[in-house]
Undergrad: 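Right, I'll just put the structure down here and ask away after.
Within every chain, numbering begins at 1; the chains are lettered A, B, ... in the order of the sequence lines, protein sequences first and strands thereafter. Being a predicted model, the structure only gives us computed values, none of them experimental.
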Amino acid sequence: MKLVTIVTEGLLKDQITELLKQQGVRGFTITRADGEGSRGINASHWEGPNLKIETIVTDAVGRRVMDLISEKYFDHYAVVAWLTDVEVLRGEKFSPVPDEDTK
Amino acid sequence: MKLVTIVTEGLLKDQITELLKQQGVRGFTITRADGEGSRGINASHWEGPNLKIETIVTDAVGRRVMDLISEKYFDHYAVVAWLTDVEVLRGEKFSPVPDEDTK
Amino acid sequence: MKLVTIVTEGLLKDQITELLKQQGVRGFTITRADGEGSRGINASHWEGPNLKIETIVTDAVGRRVMDLISEKYFDHYAVVAWLTDVEVLRGEKFSPVPDEDTK
Amino acid sequence: MELLIQNLVSPVVLAFLLGIIARMVRSDLEIPSAIYQGLSIYLLLAIGLKGGVALSQTPPAELVGPVLLTLALGVLTPFSAFILLRKLGKLGRIDAAATAAHYGSVSAVTFVAAIEAVKHSDIPAAGYLPALVAVLEVPGIIVGLLLARQSQSGGIKSALHEVLTGKSIFLMLGGLIIGTVCGAEKVSTIAPFFIDPFKGVLFLFLLELGIVAASRFRDLAQAGWRLVLTGCLLPTLHGTIATTAATYIGMSTGSAAVFGAMVASASYIAAPAAVRIALPKASPGIYLTMALGVTFPFNLAIGIPLFLKLAQLTS
Amino acid sequence: MELLIQNLVSPVVLAFLLGIIARMVRSDLEIPSAIYQGLSIYLLLAIGLKGGVALSQTPPAELVGPVLLTLALGVLTPFSAFILLRKLGKLGRIDAAATAAHYGSVSAVTFVAAIEAVKHSDIPAAGYLPALVAVLEVPGIIVGLLLARQSQSGGIKSALHEVLTGKSIFLMLGGLIIGTVCGAEKVSTIAPFFIDPFKGVLFLFLLELGIVAASRFRDLAQAGWRLVLTGCLLPTLHGTIATTAATYIGMSTGSAAVFGAMVASASYIAAPAAVRIALPKASPGIYLTMALGVTFPFNLAIGIPLFLKLAQLTS
Amino acid sequence: MELLIQNLVSPVVLAFLLGIIARMVRSDLEIPSAIYQGLSIYLLLAIGLKGGVALSQTPPAELVGPVLLTLALGVLTPFSAFILLRKLGKLGRIDAAATAAHYGSVSAVTFVAAIEAVKHSDIPAAGYLPALVAVLEVPGIIVGLLLARQSQSGGIKSALHEVLTGKSIFLMLGGLIIGTVCGAEKVSTIAPFFIDPFKGVLFLFLLELGIVAASRFRDLAQAGWRLVLTGCLLPTLHGTIATTAATYIGMSTGSAAVFGAMVASASYIAAPAAVRIALPKASPGIYLTMALGVTFPFNLAIGIPLFLKLAQLTS
Ligand SMILES: Nc1ncnc2c1ncn2[C@@H]1O[C@H](COP(=O)(O)O)[C@@H](O)[C@H]1O
Ligand SMILES: Nc1ncnc2c1ncn2[C@@H]1O[C@H](COP(=O)(O)O)[C@@H](O)[C@H]1O
Ligand SMILES: Nc1ncnc2c1ncn2[C@@H]1O[C@H](COP(=O)(O)O)[C@@H](O)[C@H]1O
Ligand code: NA
Ligand code: NA
Ligand code: NA
């Protein structure tokens with residue numbers, strides 16, 4: 001299994017969780033975070049700080065999510081993402097939602 | 001060394017940290033988190049959001065903790081857990097508390 | 001690529017981010033956290049809780065940062081750190097800032 | 001009818017509505033959870049303090065009747081709830097018991113909304129009522145858990161610890177005792193913080209509660225009309241009994257109405273935490289949706305003016 | 001000159017300054033983000049509620065002129081801003097359009113600071129002004145986005161949704177409607193929370209805003225003198241036009257001054273969020289620095305007293 | 001004795017007790033850290049503002065004596081603390097110096113509690129006292145650090161920066177200056193937020209402080225009776241000297257009592273941060289437990305009424 005970690009400016013919360021769901025992701029965990037990066041600026045203080053979105057997924061979904069995020073957001077938004085190998089028990093829980101996966 | 005990450009509804013904080021200590025865990029870090037999962041509901045808004053509990057442990061303790069958490073909480077509570085390989089310096093700090101470990 | 005995770009008492013925020021920048025780190029993400037450890041005490045409640053600092057770096061920088069943190073802070077401060085293997089896309093973003101690296 | 005509209009067009013009710021709308025239009029409005037928890041702490045302490053001051057001015061003899069009535073209803077209402085939830089709501093034993101625990105306990109915010117509604121109508125409500133809220137909070141939860149008849153070993157015990165040391169009761173009781181011990185004069189020093197802005201804080205709190213309640217609405221369809229109906233009948237039944245009984249034992253019109261709303265209300269703070277611990281198999285999707293998604297708005301909009309009218313008629 | 005100093009030596013302006021200093025001396029002072037968001041929610045609701053009460057007491061006919069003028073300026077100012085930003089500021093099309101959207105919209109905090117400054121000078125400002133803030137907030141952003149002429153498909157639509165359901169407008173409008181519906185008497189029950197402490201909350205908010213603005217200052221050097229100059233000229237231009245026009249259509253001295261400050265201000269809440277979504281290629285380092293790092297302090301220190309003086313001269 | 005009980009039965013003292021009980025019964029009550037930080041910011045600013053207004057009304061000449069006395073005690077008390085901690089407390093050099101820095105500095109909350117206690121007794125305390133708190137906060141910490149005689153290179157310098165730009169001093173001084181510059185009339189516009197609800201906010205703050213202090217109690221056993229005793233003797237000694245000296249230089253009864261409590265108190269905000277940076281080898285388990293777990297409750301319960309009595313006797 002893979003853990004996908006996405007750090008994003010808060011504004012994109014809905015867009016990114018939507019994207020995850022479309023890829024069949026079954027669950028995710030979100031933490032508030034601050035950060036510094038190449039852009040060196042938090043575009044909207046009022047929207048709250050960065051968010052860190054973590055989701056456990058199968059390898060295939062993990063790669064697809066990484067590609068999509070990179071393609072759609074890396075150029076113009078304060079978004080960073082990485083992939084980690086993890087071990088889980090009862091892995092079925094993290095397999096993609098079937099009807100979404102076959103899309 | 002292993003990093004055990006447990007995401008749990010806030011209500012179980014005491015129970016789970018208690019369980020960790022019984023397994024000889026020497027320390028842990030807790031972050032507030034939100035999340036969505038199969039249950040799709042946060043059982044008690046008032047208790048605060050989910051918690052993410054992270055602890056660095058030896059491989060043996062890591063597996064034991066994963067088993068116990070899975071056994072006791074996966075069926076009826078909003079709990080998810082995963083195991084990651086990590087590297088630390090001065091590893092003695094993370095070895096289980098001796099008298100607990102031999103239990 | 002490596003993910004360096006540093007959990008530290010809040011007071012050291014500036015010192016540690018400074019150290020990271022000196023090592024050519026290009027970005028990092030900070031989350032507020034609580035924790036228990038060997039010291040069993042949070043030295044300054046008023047300074048806020050622990051911080052978890054995460055940064056994606058090259059292997060070389062990762063090791064150097066781990067060594068420095070361990071050397072400077074492990075003995076007297078509530079600081080813990082670990083290293084995880086991760087995969088990223090467009091890795092150039094995480095290579096150390098050149099002029100800093102060659103120092 | 002006019003009373004109903006009069007009740008609905010109040011800042012706190014409209015704040016709740018605004019919260020619901022925020023959710024419906026998918027606004028990104030949210031009260032940060034730290035703020036929400038701060039507001040809760042404030043409200044519970046303030047209710048306790050105000051009640052404590054009133055208690056310090058009430059002769060104990062006057063309290064005997066109301067306290068006994070509260071205890072009696074705290075034990076009875078989980079039973080009536082359990083039966084209706086089983087028969088009309090078609091719930092299984094565990095879910096019914098879990099939900100009954102909520103209806104046996106009390107919602108502090110409903111209580112406060114009733115106090116404000118009654119204040120608006122210029123019918124005095126007794127100052128000791130917050131003490132009754134504290135009394136009513138616990139027994140219903142215990143009876144509810146017992147009705148499940150199969151909590152895990154230690155479950156009830158740790159649930160009881162959860163209820164009694166849970167912040168909800170702890171703060172209200174703490175405020176109550178401090179208020180009683182200090183009395184009106186000393187408490188007046190903190191009144192500009194705890195008393196005067198109270199209703200404004202309630203406004204903010206209800207805004208958030210509206211957002212949360214609305215997020216329960218999508219579960220309503222799933223819950224089915226049976227549960228929605230039960231969630232309206234139960235408060236009507238409990239509130240009618242309580243208001244009538246209160247008038248009968250001589251409580252004032254305003255007090256009887258507020259008392260009715262208290263008993264009619266379903267806990268969504270203390271009970272969920274305790275039930276979650278003692279009855280993990282019960283579905284929060286059912287009991288939270290009923291308490292917060294159905295019964296709370298029902299009482300806010302219809303229950304409170306109803307019990308007020310009833311209290312006026314019976315006294 | 002005395003007016004200027006009088007305006008500068010006020011608690012809220014000094015709070016802003018204190019925030020700037022905190023940043024400069026690298027103090028570890030920070031307002032936790034949950035608190036900051038709580039303060040914003042409070043301020044927006046309070047502005048709305050106060051405005052709503054005033055609206056409920058204003059004959060609709062009296063509003064027609066001011067509303068039309070507001071709409072007109074909401075459409076015109078993004079154009080003037082766009083042109084100046086292109087010609088004087090030397091910005092590219094997208095950055096100029098993004099920044100113009102900010103200058104077409106309005107900063108609620110500047111508005112409130114103007115209200116307070118005018119109150120201090122004992123020249124009454126009409127109570128309905130917050131309604132104009134709500135009216136002014138949206139059109140400028142839309143015009144600004146259209147000026148970019150190349151937002152991604154769906155960009156404008158989701159930006160519009162962002163603006164309209166964004167908490168900024170949602171809370172102010174919500175408060176406005178609740179205030180109008182409830183009227184003065186009912187709103188008075190929440191006044192000890194929403195009205196009396198208002199200026200103190202603003203003090204805290206400006207402290208944080210000072211910290212944030214100061215963290216933009218280091219971008220000023222990079223932005224260059226052209227942008228700093230434009231960031232001072234634009235509010236002067238817009239404010240002068242607005243104040244004069246307002247006096248012309250018969251608004252009171254105080255109202256005209258506040259109206260001038262409103263139009264002169266640049267949004268740093270609603271606009272950045274919408275622009276970020278519709279024009280991701282535009283640089284926040286430019287538009288945020290200009291709105292919050294240049295124009296906001298300019299208005300706070302110089303703009304407001306200037307428009308007040310102008311209103312006194314022209315009426 | 002009656003004075004003692006009178007002092008103990010006050011909302012703020014009972015709030016502290018309630019916090020201790022919460023911890024003892026293992027209640028899940030906790031003030032979210034964002035709220036706690038918000039409350040601290042509020043209290044420090046409010047103390048400063050109130051003090052600033054008073055300063056603006058005090059002839060500078062009147063301040064010379066009190067300021068000099070404050071400086072003298074700020075330098076002397078770390079020495080007496082150091083000696084007692086070494087001899088009676090049996091601490092090593094570094095821990096003794098670190099702890100002495102805390103006793104040389106001042107606890108703003110103890111100061112405020114003393115102000116309230118004295119207000120209750122209708123003996124006026126001078127308005128300029130908060131300025132003395134600011135004066136007292138720094139020198140003791142520096143002397144304490146020097147006593148350790150082996151801080152790492154740069155340690156003292158960065159500790160000094162930490163103290164001077166730390167939010168504690170920064171906010172109080174900021175408030176003080178704004179209050180002085182603006183004067184009573186302008187500050188009155190923010191009084192409904194910063195002045196009137198002050199004591200209520202203090203109530204909440206002490207609730208949290210009780211929880212934190214109680215979590216230090218388990219370290220008391222480890223600390224041993226020697227340290228507990230020292231933690232009670234030091235404030236008695238320092239407070240007695242300060243109260244007497246204050247009466248001697250002509251401060252009013254109320255002022256002398258509050259001044260005594262100030263000097264008697266041990267910092268648990270500014271000092272720990274500075275000490276942690278300059279003397280990382282010193283154990284927070286010792287200095288925090290003594291300052292917050294022993295001396296703060298001692299002063300709240302016994303010290304303040306004692307110094308008040310003493311001030312009455314000596315003047
Ligand atoms: N190397 C990194 N490691 C961890 N987080 C990072 C890194 N670079 C950037 N971030 C996070 O991603 C956000 C956006 O980064 P950027 O797009 O580089 O401005 C920052 O605010 C950080 O929270
Ligand atoms: N696939 C996942 N990846 C990361 N976190 C998850 C995942 N599924 C569930 N969670 C977290 O675990 C909590 C409980 O999940 P559940 O028991 O599935 O409702 C959620 O609120 C999330 O915070
Ligand atoms: N084994 C561990 N795993 C994860 N976090 C830890 C661990 N030990 C300590 N920590 C974190 O590091 C902080 C300082 O630990 P310590 O220096 O052992 O007191 C604690 O407050 C925890 O947040
Ligand atoms: Na009930
Ligand atoms: Na504008
Ligand atoms: Na002292």
Side-chain angles (χ1 to χ4, degrees), chain A residues 1-10 12-13 16 19 28-43 48-87, chain C residues 1-8 10-35 47-59 61-62 65 82-101:
Chain A
M1 290 279 147
K2 296 282 182 191
L3 166 67
V4 179
T5 305
I6 305 163
V7 177
T8 170
E9 49 187 304
L12 298 179
K13 180 183 173 188
I16 289 185
L19 181 153
F28 47 82
T29 298
I30 302 186
T31 348
R32 286 166 166 253
D34 287 297
E36 271 183 45
S38 54
R39 253 160 281 256
I41 179 173
N42 196 319
N50 287 349
L51 297 177
K52 194 170 95 180
I53 305 178
E54 290 170 299
T55 178
I56 302 285
V57 291
T58 56
D59 293 24
V61 172
R63 279 182 205 290
R64 217 158 51 216
V65 166
M66 287 291 286
D67 285 342
L68 286 170
I69 295 280
S70 148
E71 210 172 275
K72 289 184 74 166
Y73 298 108
F74 275 16
D75 288 334
H76 297 301
Y77 292 99
V79 173
V80 156
W82 62 86
L83 212 57
T84 320
D85 277 313
V86 296
E87 218 176 295
Chain C
M1 290 280 147
K2 298 282 183 192
L3 166 67
V4 179
T5 305
I6 305 163
V7 177
T8 169
L11 206 58
L12 299 178
K13 181 181 172 188
D14 285 350
Q15 288 192 24
I16 289 186
T17 55
E18 204 45 58
L19 181 153
L20 292 179
K21 284 176 191 165
Q22 272 165 16
Q23 294 310 312
V25 163
R26 284 179 178 256
F28 48 81
T29 298
I30 302 187
T31 348
R32 288 168 163 251
D34 287 297
E47 292 300 313
N50 287 348
L51 297 176
K52 194 171 94 179
I53 305 177
E54 290 170 298
T55 178
I56 303 284
V57 291
T58 56
D59 293 23
V61 172
V65 166
W82 62 87
L83 212 57
T84 318
D85 276 313
V86 296
E87 221 176 290
V88 299
L89 297 181
R90 312 202 193 171
E92 8 18 295
K93 176 155 189 180
F94 306 101
S95 300
V97 181
D99 55 350
E100 302 275 358
D101 196 26

Undergrad: Please report the closest heavy-atom contact between A:Met66 and C:Leu89, naming both atoms and the distance.
TA: O-CD1, 3.4 Å

Undergrad: Going from CD on A:Glu36 to OG1 on C:Thr17, what distance comes out if it is rounded to the nearest 0.5 angstrom?
TA: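 Interatomic distance, A:Glu36 CD to C:Thr17 OG1, rounded to 0.5 Å: 7.0 Å.
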
Undergrad: Heavy-atom cut-off 4.5 Å, strictly under: side chain, backbone, both or neither for C:Ile53 against chain A?
TA: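 Neither part; nothing is under 4.5 Å.
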
Undergrad: Around atom NZ of A:Lys72, are there more than 12 heavy atoms of other residues, nucleotides or ligands at under 6.0 Å?
TA: no

Undergrad: Would A:Thr5 and C:Glu54 satisfy side-chain contact (heavy atoms from CB on, under 4.5 Å), going step by step from the backbone distance to the final call?
TA: CA-CA 11 Å; A:Thr5 305; C:Glu54 290 170 298; 5.9 Å; no

Undergrad: Counting only non-hydrogen atoms closer than 4.5 Å, does C:Thr84 touch chain A with its backbone (N, CA, C, O), its side chain (CB onward), both, or neither?
TA: side chain

Undergrad: Run A:Phe74 and C:Arg90 through side-chain contact (heavy atoms from CB on, under 4.5 Å) and show every step you take.
TA: CA-CA 9 Å; A:Phe74 275 16; C:Arg90 312 202 193 171; 3.6 Å; yes

Undergrad: Nearest 0.5 Å please: distance from the CG atom of A:Asp85 over to the CD atom of C:Glu87.
TA: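 Answer rounded to 0.5 Å: 7.5 Å.
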
Undergrad: Just so I understand: if I count every heavy-atom pair under 4.5 Å between each of C:Leu51, C:Val88, C:Val86 and chain A, which residue has the most?
TA: C:Val86

